[in-house]
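What follows is a short report on a single structure.
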Amino acid sequence: MTQIDIKPPQLGAAAAAFLAKGPQKLLIGGEWVESQSGATFDTLDPATGSVISKLQRANAADVDAAVAAARKAFETGPWPSMTPMERSQLLWKIADIMEANIDELSELETLDQGKALYVGRWAEIPGAIAQFRYFSGMATKIEGSTIPTSINYQPEGKQVFAYTRLEAVGVVGAILPWNSPLVLTAMKIAPALAAGCTMVLKPSEETSLTTVRLLELIQEAGLPEGVLNLVTGFGGEVGQPLAEHMDVNKIVFTGSTATGRRIVEASKGNLKRVGVELGGKSPVIIMDDADLDAAIPGAANAIFFNGGQVCIAGSRLYAHSSVYDKVVEGMAAQAQAIQLGHGLDPNTHMGPLISKGHASKVAGFIADGKKAGASILTGGETAGPNESFVTPTVIADVSPDMSVVREEIFGPVVVVTRFDDADEVVAAANDSDFGLAAGIWTEGLSNATRLAERIHAGTVWINSHAMYDAALPIGGMKQSGYGRESGQAAMDNYLELKTVCAIV
Ligand code: NAD
């Protein structure tokens with residue numbers, strides 16, 4: 001049994017003051033309110049299992065109230081009449097306020113989600129802030145076009161003048177997962193506000209705290225009431241009524257492929273628009289000419305960052321036969337060097353998984369692999385006072401039909417397979433229901449560009465993994481979803497195209 005030294009978490013004064021205010025409330029029409037039923041639920045520190053705060057347990061009645069507030073703000077509030085420049089300035093101000101509170105936000109994210117502090121403080125929350133800055137610029141660049149037509153039946157002396165407008169899609173419901181709450185939420189709020197939409201947010205029941213705090217900060221920035229509304233609670237009680245709601249124009253969802261299917265089904269009543277960012281089982285390919293000093297730590301980081309709870313995690317590693325032994329040995333050494341601990345402990349490289357239940361699910365996949373004949377080279381244990389840690393795991397001797405190779409495990413578990421040529425590795429990499437991302441490690445330009453073209457994935461990284469930028473579109477092919485976030489492409493999620501054709 002792996003021993004983990006869990007030091008009692010130390011919080012800064014701001015994060016402690018936020019927690020002391022609990023139970024946290026819902027935000028509806030600019031007011032912080034309790035759920036209509038009065039019910040609350042506990043949110044836990046995943047490392048220890050202890051209660052850190054209480055959240056409102058909303059239901060369909062609260063969803064109705066939040067959608068009504070968002071509708072009112074969209075149709076009649078000050079929001080529709082604000083100029084693009086005013087929206088742009090507001091988004092920039094939100095980024096400034098987040099930046100000023102980044103330490104508090106990072107501590108809360110770690111306490112609630114479990115991630116090692118550096119993950120939030122130096123990667124995800126700066127990434128969230130960058131979303132607001134990038135889409136601040138987009139607010140002033142939403143442009144239609146004029147269209148010359150061949151219409152020739154206009155009245156004598158008149159002309160046809162035709163043009164398009166890009167208009168906000170309306171009230172947007174956003175349903176979020178627990179792995180990287182703030183940055184994934186920012187990836188939806190920032191383009192939606194730039195477009196002029198209003199929103200109802202439903203964070204994961206596991207990790208709602210930083211969304212509550214973010215909305216407090218956004219209120220400080222001066223967002224008109226009702227533009228952003230927050231309903232906390234469970235998937236079936238809040239997410240489902242939001243996805244079904246007849247007055248919601250669009251649902252944007254990030255989460256598992258299984259729930260994504262339910263969202264698509266639930267949205268059909270009013271044929272609302274849907275965008276779904278779903279799971280992955282991303283291949284990482286190490287070619288025979290790769291720089292192994294970069295590729296091995298790169299491949300280790302691709303799977304072990306945030307405990308493997310990353311949609312684009314490089315969970316299937318393919319190593320060319322000529323480098324296979326070195327890669328396997330290197331991956332095991334990297335895994336063993338990872339320091340597990342409470343996310344708020346500065347020495348921690350990897351925190352717990354989100355919950356005891358999730359750790360046990362991950363352990364179940366590892367056990368299934370073992371039963372099917374795979375070799376666990378290192379790791380494979382659950383640990384910690386709440387049994388929520390999984391030791392970084394490297395698995396070899398796998399075959400393509402095993403569940404460890406096919407399913408998204410969403411934990412620190414990588415399977416390593418050898419290959420001999422490019423055709424073989426392309427076929428293996430594409431033999432998946434998912435198509436979210438891929439990584440290729442090679443010093444050869446033609447290897448890199450040809451493989452990048454042949455791999456079925458929404459993003460391909462070359463000699464890197466998980467290089468995110470607010471300007472780079474990200475999203476899935478196949479059952480990893482549809483739609484793209486970040487970059488100009490993200491604006492398509494929140495805009496409708498209107499054609500105007502006039503006789504003038
Ligand atoms: P999940 O699908 O279990 O839950 C996501 C959200 O959906 C939660 O807020 C949950 O309450 C809600 N929900 C659950 N049932 C619902 C229902 N019937 N109707 C409406 N809402 C419902 O996902 P998770 O376990 O929170 O997150 C992990 C998953 O998210 C992984 O599969 C991961 O790959 C995926 N993910 C994808 C991306 C991406 O960009 N593609 C990014 C991050 C995470």
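The residues of the chain are indexed from 1 along the displayed sequence. Counting convention: from 1, in listed order, for ligands and their atoms alike. The structure presented is a predicted model; accordingly, all values stated were derived computationally and were not measured.
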Next item on the list: Output the list of atoms in ligand 1 that are nearer than 4.0 Å to some heavy atom of G239, sorted by atom number.
Entry: 19 (N), 20 (C), 21 (N)

Margin query: Let me confirm one number: the CG-CG distance from L495 to L166, rounded to the nearest 0.5 Å.
Written below: 5.5 Å

Next item on the list: Write out the residue and atom name of the closest protein heavy atom to atom 25 (O) of ligand 1, then the distance separating them to 0.1 Å.
Entry: W178 NE1, 2.9 Å

Notebook entry, point to check: Can you find a side-chain donor-acceptor pair between N249 and K272 that sits under 3.5 Å?
Noted result: no

Notebook entry, point to check: Within less than 4.0 angstrom of ligand 1, does G233 place any heavy atom?
Noted result: no

Next item on the list: Note the single closest protein heavy atom to atom 13 (N) of ligand 1, along with its residue, its atom name and the distance in Å.
Entry: G235 CA, 3.4 Å

Checklist line | Heavy-atom nearest option to atom 6 (C) of ligand 1, drawn from T232, L176, V238 | finding: L176

Check: Hey, which of D401, D431, D368 is the one that makes salt bridge (charged side-chain N to carboxylate O under 4.0 Å, His left out) with R406?
Finding: D431

Item checked: Protein contact to atom 10 (C) of ligand 1 [nearest heavy atom, distance to 0.1 Å] -> E205 OE1, 3.6 Å

Check: With atoms numbered from 1 as shown, which atoms in ligand 1 lie under 4.0 angstrom from a non-hydrogen atom of N179?
Finding: 43 (C), 44 (C)

Checklist line | Parallel, tilted or perpendicular, as decided by the 30° and 60° cut-offs, for the rings of Y468 and W461 | finding: perpendicular

Next item on the list: Identify the protein heavy atom lying closest to atom 34 (O) of ligand 1, giving its residue, its atom name and the separation to 0.1 Å.
Entry: E408 OE2, 2.5 Å

Notebook entry, point to check: Between F410 and W178, does the ring centre distance come in under 6.0 Å?
Noted result: yes

Next item on the list: Identify, for atom 27 (O) of ligand 1, the protein heavy atom at the shortest distance, and state residue, atom and that distance.
Entry: P177 CB, 3.2 Å

Notebook entry, point to check: For atom 28 (C) of ligand 1, what is the nearest protein heavy atom, given as residue, atom name and distance?
Noted result: F410 CE2, 3.5 Å

Notebook entry, point to check: In terms of atom number and element, which parts of ligand 1 are under 4.0 angstrom from non-hydrogen atoms of S204?
Noted result: 9 (O)

Notebook entry, point to check: For atom 12 (C) of ligand 1, what is the nearest protein heavy atom, given as residue, atom name and distance?
Noted result: I175 CG2, 3.7 Å

Checklist line | Closest approach of any protein heavy atom to atom 4 (O) of ligand 1, naming residue and atom | finding: T259 OG1, 4.4 Å

